[in-house]
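The structure appears below as structure tokens.
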Amino acid sequence: QVQLVESGGGLVQAGGSLRLSCAASGRTFSRYAMGWFRQAPGKEREFVAAISWSGSITNYEDSAKGRFTISRDNAKNTVYLQMNSLKPEDTAVYYCAALPSVYGKLTARHVDYWGQGTQVTVSS
């Protein structure tokens with residue numbers, strides 16, 4: 001079992017930055033790839049970024065490449081999402097997720113565990 005708790009969401013102007021954190025509990029945290037998904041109102045939950053258990057391999061959705069950076073600290077059982085150059089279309093609830101793999105076209109169906117989500121709102 002892995003429990004995930006996100007923090008760091010909020011309201012930011014377009015062009016600004018936010019750093020999301022996800023604190024995990026459970027002894028098996030380091031065995032999982034970790035990821036971030038987001039869900040905007042009226043839309044399906046979509047993949048944003050993922051990182052391997054070692055932190056050496058990352059996978060990004062196209063709109064996140066060059067703007068978002070995923071990282072993890074296994075000693076602290078924490079995964080981060082640094083979001084720069086934010087756009088209004090990035091507005092969504094962001095969810096932390098534990099995944100069996102970092103590879104491939106990841107979807108919500110691949111997730112083993114979810115956090116409760118944190119709201120990110122980008123104003124224009």
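Throughout, numbering of the chain's residues begins at 1 and tracks the sequence.
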How close do [X] and [Y] get, heavy atom to heavy atom, and via which atoms?
X: Gln119; Y: Thr91; value: NE2-CG2, 4.0 Å
X: Gly117; Y: Val93; value: CA-CG1, 3.8 Å
X: Val2; Y: Ala24; value: CG1-CB, 4.2 Å
X: Ala108; Y: Phe37; value: N-CE2, 3.6 Å
X: Val111; Y: Ala97; value: CG1-CB, 3.6 Å
X: Ser85; Y: Ser17; value: N-OG, 4.4 Å

Side chain of [X], backbone of [Y]: donor and acceptor closer than 3.5 Å?
X: Gln82; Y: Thr69; result: no
X: Arg72; Y: Ser52; result: yes
X: Gln39; Y: Ala92; result: no

- 4.5 Å side-chain heavy-atom contact, Ser25 and Asn77: no

- Item | Any side-chain heavy-atom pair of Met83 and Val12 under 4.5 Å | no

Once rounded to the nearest 0.5 Å, what's the spacing between atom [atom1] of [X] and atom [atom2] of [Y]?
X: Tyr113; Y: Met34; atom1: OH; atom2: CE; value: 11.5 Å
X: Arg38; Y: Glu46; atom1: CZ; atom2: CD; value: 4.5 Å
X: Tyr80; Y: Cys96; atom1: OH; atom2: SG; value: 11.5 Å
X: Leu4; Y: Tyr95; atom1: CG; atom2: OH; value: 13.0 Å
X: Lys87; Y: Ser63; atom1: NZ; atom2: OG; value: 7.5 Å
X: Trp36; Y: Glu61; atom1: CH2; atom2: CD; value: 16.0 Å

- Query: Which of these passes side-chain contact (heavy atoms from CB on, under 4.5 Å) with Cys22: Thr78, Leu81, Val79, Thr118?
  - Reply: Val79

- Message: If we check side-chain contact (heavy atoms from CB on, under 4.5 Å) with Asn59, which of these qualifies: Ile51, Leu106, Ile70, Leu99?
- Response: Leu106

- Message: Whether Asp62 and Lys65 form a salt bridge (side-chain N of Lys/Arg under 4.0 Å from carboxylate O of Asp/Glu) is what I want to check.
- Response: yes

- Item | Trace of the side chain to side chain contact (heavy atoms under 4.5 Å, CB included) decision for Leu20 with Glu6 | CA-CA 7 Å; Leu20 306 183; Glu6 301 96 333; over 6 Å; no

- Task: Could you go through the side chain to side chain contact (heavy atoms under 4.5 Å, CB included) check for Phe47 and His110 one step at a time?
- Result: CA-CA 10 Å; Phe47 169 71; His110 296 96; over 6 Å; no

- Query: Is it true that atom CH2 of Trp53 has more than 12 heavy atoms of other residues, nucleotides or ligands lying nearer than 6.0 Å?
  - Reply: no

- Message: Quick check: is Val48 connected to Leu86 through a chain of hydrophobic side chains (ILVMFWY, heavy atoms under 4.5 Å apart)?
- Response: yes

